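A quick note: this is a predicted structure, and the numbers were derived from the prediction, not measured.
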Amino acid sequence: LARTSLAEVQVGLIQARNARQSAYAELNQAMGITGAPAYRLEEPPAAQSPPALSPSLDQDVALALARRLEMGAAQSRIQAAGEKAQAAKAEGLPRLHALGSVGYLNAPEEFGDDRIFAVGMGLTFPLFTGGRVQEQVASARHEQGARRAAQDELAQGIRLEVIKARMLLDALLQSQPAVAEQLTQARDSVKLATRRYHEGLGNILELQQAQLSLLTAENNTARLRYDLITAQAALRYALGILMAAPEPHTTPGNLEPKGE
């Protein structure tokens, strides 16, 4: 039984190492780094201020719609389509042309003044265009309507992202007390089982079971910390909030390249 457990642990260790290397590769790709630099993982600080949620969902949605670059790009496309429609409509309006010219003619004096001036004006009316202008205006307006629909769809998607990110972070925050209590109880159980084992009142199985419960509680605590950090980042992304570069030893999940 012990050998079987050891083999399972060794397989899990190999899988964890492979997952770590894959995470490093994905991190390098995200940062545009070529090669395979080594990293040193650092534990987040033990004491962290709990993240806070905005009291208003509508406020968060409004902030996201105002900050997200996709919304700005969508609005620019709508404006461009509207200007395109105005330009197409202008093709059906009258046009006023003005022309002026001046020249010099090297001629004998008997021919009079050798300077030549000319001024002209013209007015063009597009009486018949074969429907070309109307078709261009209709096409531009249709494109503008499609751009507005795409912006509305994008806004709904952003709203859904904000809602999901808030719900996930709220659920994790609510689970913090239970996970902390589980860790406290597991530590107390290990202390009690160790004392009973040393005094001959308990057996090794009881102690191992308590240690396994503590390991599970510590794993749940670490997982919750990771999930909280990830959920905070997801909410910031949904809100369109950019973050400054983290400071070493002060920001959870700090990764530093090892020196050569």
Problem set entry | Minimum-distance pair of heavy atoms, taken over all atoms of Ala85 and Ala140 | CA-CB, 3.3 Å

For this session: Please report the closest heavy-atom contact between Arg68 and Ala238, naming both atoms and the distance.
Result: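 Nearest pair, atom of Arg68 first, then Ala238: NH1-O, 3.0 Å.
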
Out of curiosity, [X] [atom1] to [Y] [atom2], how far, rounded to the nearest 0.5 Å?
| X | Y | atom1 | atom2 | value |
| --- | --- | --- | --- | --- |
| Ser213 | Leu183 | OG | CG | 11.5 Å |
| Leu214 | Gln211 | CG | CD | 8.0 Å |
| Leu172 | Arg223 | CG | CZ | 11.0 Å |
| Gln144 | Arg147 | CD | CZ | 10.5 Å |
| Ile158 | Ile163 | CD1 | CD1 | 12.5 Å |
| Glu70 | Gln75 | CD | CD | 14.0 Å |

Is the number of heavy atoms from other residues, nucleotides or ligands within 6.0 Å of [atom1] ([X]) greater than 12?
| X | atom1 | value |
| --- | --- | --- |
| Glu153 | CD | no |
| Gln29 | CD | no |
| Ile204 | CD1 | yes |

Exercise. Which pairs pass side-chain hydrogen bond (donor to acceptor under 3.5 Å, both in side chains) with one or both residues in residues 177-196, sequence neighbours excluded?
Worked result: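 Checked against side-chain hydrogen bond (donor to acceptor under 3.5 Å, both in side chains) - neighbours excluded - the pairs reaching residues 177-196 are Glu181-Gln185, Gln182-Asn220, Arg196-Glu206.
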
Do the side chains of [X] and [Y] join up, straight or via other hydrophobic residues, at under 4.5 Å, putting them in one cluster?
| X | Y | value |
| --- | --- | --- |
| Met167 | Val162 | yes |
| Ile241 | Leu160 | no |
| Leu154 | Ile78 | no |
| Leu212 | Val179 | no |
| Leu224 | Leu168 | yes |

Exercise. Side chain of Ser139, backbone of Glu135: donor and acceptor closer than 3.5 Å?
Worked result: no

Problem set entry | Note, Arg159 side chain near Asp58 side chain (heavy atom, < 4.5 Å) |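 In short, these two side chains touch, coming nearer than 4.5 Å.
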
Exercise. Does the pair Arg67 and Leu239 meet the rule for a side-chain contact (heavy atoms from CB on, under 4.5 Å), with working shown?
Worked result: CA-CA 7 Å; Arg67 286 179 174 267; Leu239 296 177; 5.7 Å; no

For this session: May I ask you to check whether Asp152 and Gln156 show a side-chain donor-acceptor distance below 3.5 Å?
Result: no

Problem set entry | Test side-chain contact (heavy atoms from CB on, under 4.5 Å) applied to Leu228 and Gln176, step by step | CA-CA 10 Å; Leu228 276 172; Gln176 271 187 314; 3.2 Å; yes

